[in-house]
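One structure is given below, encoded as structure tokens.
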Amino acid sequence: MAATKSRVDGGNLSVVVHGTGDLRLENRPIPEPGPNEVLLKMHSVGICGSDVHYWQHGRIGDFIVKKPMVLGHEGSGVVVKVGASVSHLKSGDRVAIEPGVPRESDEFCKTGRYNLSPTIFFCATPPDDGNLCRYYAHNANFCYKLPDNVTFEEGALIEPLSVGIHACRRAGVTLGSRVFICGAGPIGLVSLLVAKMMGASKVVISDLSLPRLEKAKELGADFVLQVTNETPEQIAHKVEELFEAMPEITIECTGAESCIQTGIYATRSGGILILVGLGPAMVNVPIVNAAVREVDIRGIFRYCNTWPMAISMLSSKKVNVAPLVTHRFSLEKALEAFETTKKGMGVKVMLKCDQNDQNP
């Protein structure tokens, strides 16, 4: 049985990083989907801090750009061609893309933690190409059909939303939880949305930026805390005053050493600190303070098993991610969009990949 075809036209304009500081728009061949893949006409793709980091620095930790790589991993689009073995999707279906696809059924996949598989494919992580392009082929099992009442942009935002879901799951957020979030960037804000949806009674969020804290208030933060030049201990004390107690859960979304220190000092004895933000490989932290107070420190790496929950949350209107999108650019203006993201303007910059449909 041959691949099912729909109309595929024009070139495959793609945003490609060639090395440190070298970002280009170029036409690439339109891929042919494999038996278990679908070809997507991309619609909306969000720019992530990691995309900017690969452009500016050519690497993140041990992941080094050694050959030209298409950026983008927060995407949604329309199925235009279906591989021979795919039965659950058809041409015309609107889908959100989970960018991490396991290459083998190893011990991590068998236990449901496929995000930890060392050989996993992941969009826009060297050497794997991302989906910031007109046409993109992806494993059909990691393309999730969007309900009619969920927009393409909401579909693209499932990727950052998934980080918040995974963080809140690992933290055990539940009815009545008091949650302190360090950092009001996109990931801090989705963690806020998810924590409130999972039943957190109070959420305090901190940041240096007043506009970002205003956005956090708009999205449902109970209290915001603008950080200036206080010590980590002083910030922790302010957090305790706002909660009228120490929070059981802290979600650290910046990766900054001082914020990790604050996270330890602020968390109640017996509580949990989740490290979401990634900063320097080595940091100085008051580990004895955490140890003697039994503060559990847990990392997260991306996410797993989050797309179905996210789609249900969006479809039932239990969570509203639309306010996160503050800037939109056509794919042709991708370089301008990346400059906007680099400058830290707004919250989420969205690229519109379909020339004929620039709607959300």
(request) Check whether the ring centres of H166 and Y303 lie less than 6.0 Å apart, and answer yes or no. (result) no
(message) Can a side-chain donor-acceptor contact be found between D357 and H43 if the only test is distance below 3.5 angstrom?
(response)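 Yes - a donor-acceptor pair under 3.5 Å links their side chains.
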(request) Verify whether one side chain among E26 and H18 offers a donor that lies under 3.5 Å from an acceptor in the other. (result) yes
(message) Holding to side chain to side chain donor-acceptor pair (under 3.5 Å), I want the full list of residues that pass it with K333, two or more places apart in sequence or in another chain.
(response)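 With sequence neighbours excluded, K333 shows a side chain to side chain donor-acceptor pair (under 3.5 Å) to no residue whatsoever.
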Starting at [atom1] of [X], measure out to [atom2] of [Y] and round the result to the nearest 0.5 Å.
| X | Y | atom1 | atom2 | result |
| --- | --- | --- | --- | --- |
| S206 | I235 | OG | CD1 | 6.5 Å |
| M309 | I158 | CE | CD1 | 12.5 Å |
| F329 | I47 | CZ | CD1 | 7.5 Å |
| R94 | L89 | CZ | CG | 13.0 Å |
| I97 | W307 | CD1 | CH2 | 9.5 Å |
| S209 | K215 | OG | NZ | 11.5 Å |

Verify, without hydrogens or angle tests, whether [X] (side chain) and [Y] (backbone) share a donor-acceptor contact under 3.5 angstrom.
| X | Y | answer |
| --- | --- | --- |
| S76 | F152 | yes |
| D296 | G271 | no |
| D222 | V204 | no |
| S312 | P308 | yes |
| Q261 | N284 | yes |
| K41 | C353 | no |
| E159 | A156 | no |
| S14 | N12 | yes |
| R103 | T119 | yes |

(message) I'd like to check K196 versus V203 (side-chain heavy atoms, cut-off strictly below 4.5 Å). Are they in contact?
(response) yes
Might you confirm whether atom [atom1] of [X] has over 12 heavy atoms from other residues, nucleotides or ligands at distances under 6.0 Å?
| X | atom1 | answer |
| --- | --- | --- |
| E294 | CD | no |
| L242 | CG | yes |
| N149 | CG | yes |

(message) Give me each pair satisfying side chain to side chain donor-acceptor pair (under 3.5 Å) with a member in residues 236-254, each pair once, sequence neighbours excluded.
(response) R178-E248, E230-K238, H237-E241, T250-T267, E252-T254
Can you get from [X] to [Y] by hopping between Ile, Leu, Val, Met, Phe, Trp and Tyr side chains that sit under 4.5 Å apart?
| X | Y | answer |
| --- | --- | --- |
| V65 | V70 | no |
| V319 | V179 | yes |
| I297 | I181 | no |
| F108 | V101 | no |
| Y136 | F142 | yes |

(request) Might you point out which heavy atoms bring L219 and L193 nearest each other, and give the distance in Å? (result)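 Shortest heavy-atom separation between L219 and L193 comes out as O-CD2, 3.8 Å.
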(request) Grab the two heavy atoms, one from L25 and one from L331, that are nearest each other, plus how far apart they are. (result)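 In terms of heavy atoms, the two residues are closest at CD2-O, 3.8 Å.
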Are the charged groups of [X] and [Y] less than 4.0 angstrom apart, N to O?
| X | Y | answer |
| --- | --- | --- |
| R113 | E107 | no |
| E37 | K81 | no |
| K352 | D354 | no |
| E332 | R134 | yes |
| K145 | D93 | yes |

(message) Here's one to test your reading of the geometry: is the NZ or CZ of R302 within 45 degrees of the ring axis of F122 and under 6.0 Å from its centre?
(response) yes
(request) For the pair L40 and V78, evaluate side-chain contact (heavy atoms from CB on, under 4.5 Å) and give the outcome as yes or no after the intermediate values. (result) CA-CA 5 Å; L40 304 174; V78 179; over 6 Å; no
(request) Report the C-alpha distance between D51 and K342 in whole Å, list the side-chain angles of each, state the deciding distance to 0.1 Å, and finish with yes or no for salt bridge (Lys or Arg N to Asp or Glu O under 4.0 Å). (result) CA-CA 10 Å; D51 293 316; K342 187 179 85 169; over 6 Å; no
